[in-house]
Amino acid sequence: RMALEALLQTPLGILSVITTHLEFYSASQRMAQVECLREIYRNAWERAALAGERPGNGPFAPYPKIAGTLLAGDFNFAETAPERKRLLAPCQTPVPPLADAWKIAHPEKQHAPTMGYFDRERWPDGPFVSDYIFTSRNLAGNVRDVRIEKQSLASDHQALLLEMAL
């Protein structure tokens, strides 16, 4: 469906923040989208490794060296889905693998549901997990908490809130 990357200047350095919304109905399309996300993620780290090696500015400036990556959005897969396992699979060196921020903040807890709280007509089985925040493994020590905002009726999804030490 889509992925959007923004580079944010933070006290940690530049973070690559990618937001996405994957296919709902087709597992094969979701897996293809996961492969594309892995490529975007890998490319960001490989381009960052070239920072300072090529001079230039403006549109010819090299991709900046990034301190880490956050990948968040509506992934439309369950915690046990093959697409999630593939997304978290190790990458080529020196690209750090992705980690699930919820599991970093709450290692002993099952993921809290992120959708289906209020619309029981559309989601008769009740709340379930569809939204995640993943982080490059090198930022795992900065993850302080991940919470689900359970009050808003603005969407059939509940917002995920990530707290990080910067």
Side-chain angles (χ1 to χ4, degrees), residues 1-8 14-48 63 66-107 109-140 142-143 145-164:
R1 291 197 189 194
M2 71 92 181
L4 176 68
E5 179 185 29
L7 300 178
L8 302 180
I14 295 174
L15 294 183
S16 166
V17 180
I18 304 166
T19 184
T20 192
H21 186 183
L22 302 187
E23 168 60 34
F24 181 77
Y25 294 104
S26 171
S28 63
Q29 286 182 356
R30 259 192 322 276
M31 186 61 85
Q33 291 165 339
V34 163
E35 291 299 336
C36 185
L37 285 171
R38 285 174 56 86
E39 185 74 9
I40 291 167
Y41 176 67
R42 186 182 59 77
N43 282 339
W45 281 88
E46 289 177 354
R47 285 189 314 260
Y63 195 86
I66 57 175
T69 301
L70 298 174
L71 171 60
D74 179 358
F75 289 85
N76 280 318
F77 54 61
E79 192 174 356
T80 57
E83 300 94 324
R84 182 177 175 278
K85 290 177 184 165
R86 179 64 183 145
L87 189 65
L88 296 177
C91 298
Q92 298 171 345
T93 313
V95 180
L98 287 166
D100 188 327
W102 177 270
K103 290 299 187 182
I104 294 167
H106 309 283
K109 289 184 180 178
Q110 191 172 14
H111 261 276
T114 59
M115 68 180 295
Y117 278 95
F118 303 110
D119 186 353
R120 292 303 171 96
E121 186 173 314
R122 186 170 183 194
W123 310 113
D125 293 334
F128 58 97
V129 181
S130 182
D131 308 271
Y132 299 86
I133 299 173
F134 300 104
T135 179
S136 51
R137 176 81 54 197
N138 66 309
L139 293 179
N142 298 86
V143 173
D145 195 15
V146 178
R147 297 182 302 281
I148 310 297
E149 189 287 311
K150 296 181 185 174
Q151 305 305 313
S152 177
L153 298 170
S155 171
D156 59 343
H157 296 260
Q158 303 311 120
L160 279 166
L161 307 169
L162 172 65
E163 181 183 332
M164 293 185 69

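All values below were derived from every heavy atom in this structure, side-chain atoms included, with hydrogens, water molecules and symmetry-related copies excluded. Just so it is clear, the model here is predicted, and its values are computed rather than measured.
- For the residue pair Phe77 and Ala81, the shortest heavy atom distance occurs at CB-CB, 3.7 Å.
- Arg84 places none of its side-chain heavy atoms less than 4.5 Å from the side chain of Val34.
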Residues Phe24, Ser130; criterion side chain to side chain contact (heavy atoms under 4.5 Å, CB included); working and verdict: CA-CA 10 Å; Phe24 181 77; Ser130 182; 5.9 Å; no

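- A heavy-atom distance below 4.5 Å is not found between the side chains of Met115 and Pro127.
- Using a distance-only test at 3.5 Å, with no hydrogens or angles considered, a donor-acceptor pair links the side chain of Arg38 to the main chain of Ala89.
- Checking side-chain atoms of Tyr41 against main-chain N and O of Thr69 turns up no donor-acceptor pair under 3.5 Å.
- Closest approach of Trp45 to Gly68, counting heavy atoms only: CZ2-CA, 3.7 Å.
- For the side chain to side chain contact (heavy atoms under 4.5 Å, CB included) test, residues two or more places apart in sequence or in another chain that qualify with Leu7 are Glu5, Ile14, Ser16, Tyr63, Pro64, Ile66.
- Residues Val146 and Glu163 fail the side-chain proximity criterion, which asks for heavy atoms closer than 4.5 Å.
- For the residue pair Pro113 and Ile148, the shortest heavy atom distance occurs at O-CG2, 3.6 Å.
- The salt bridge (charged side-chain N to carboxylate O under 4.0 Å, His left out) search around Glu35 returns Arg86, not counting sequence neighbours.
- When side chains are defined from C-beta on, Ile104 counts as touching Thr135, because their heavy atoms get closer than 4.5 Å.
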Quick one, Leu8 with Leu70, criterion side chain to side chain contact (heavy atoms under 4.5 Å, CB included). Give me CA distance, side-chain angles, the key distance, then yes/no. CA-CA 10 Å; Leu8 302 180; Leu70 298 174; over 6 Å; no

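- Here CD of Gln33 is found 11.5 Å from CG of Leu87. Values are rounded to the nearest 0.5 Å.
- In this structure, the side chains of Leu71 and Leu98 come closer than 4.5 Å at one or more pairs of heavy atoms.
- With sequence neighbours left out, the side chain to side chain contact (heavy atoms under 4.5 Å, CB included) criterion links Gln110 to Glu79.
- In terms of heavy atoms, Phe134 sits closest to Asp100 at CD2-CA, 3.7 Å.
- Using cut-offs of 30° and 60° on the angle between ring planes, the pair Trp102 and His111 is parallel.
- Qualifying salt bridge (charged side-chain N to carboxylate O under 4.0 Å, His left out) partners for Arg137, counting only residues two or more places apart in sequence or in other chains: none.
- Ile40 CD1 to Ile18 CD1: the interatomic distance, rounded to the nearest 0.5 Å, is 6.0 Å.
- When atom types are taken as modelled, the side chain of Thr20 and the backbone of Met2 share a donor-acceptor pair closer than 3.5 angstrom.
- Proximity of Leu37 to Leu22: side-chain heavy atoms (C-beta onward) are separated by under 4.5 Å at one or more points.
- Residues Val95 and Glu46 share a closest heavy-atom pair of CG2-CG, 4.5 Å.
- The residues Arg30 and Glu23 are annotated as not salt-bridged, no charged nitrogen and carboxylate oxygen being separated by less than 4.0 angstrom.
- The salt bridge (charged side-chain N to carboxylate O under 4.0 Å, His left out) test applied to Glu121 returns no partner, not counting sequence neighbours.
- Atom SG in Cys36 sits 9.5 Å away from atom CG in Asn43 (nearest 0.5 Å).
- Between Leu160 and Arg147, the closest side-chain pair of non-hydrogen atoms is not below 4.5 Å.
- Counting all heavy atoms, side chain and backbone alike, Leu162 lies closest to Ala101 at CD1-CB, 4.1 Å.
- Asp131 meets the salt bridge (charged side-chain N to carboxylate O under 4.0 Å, His left out) test with no other residue; sequence neighbours excluded.
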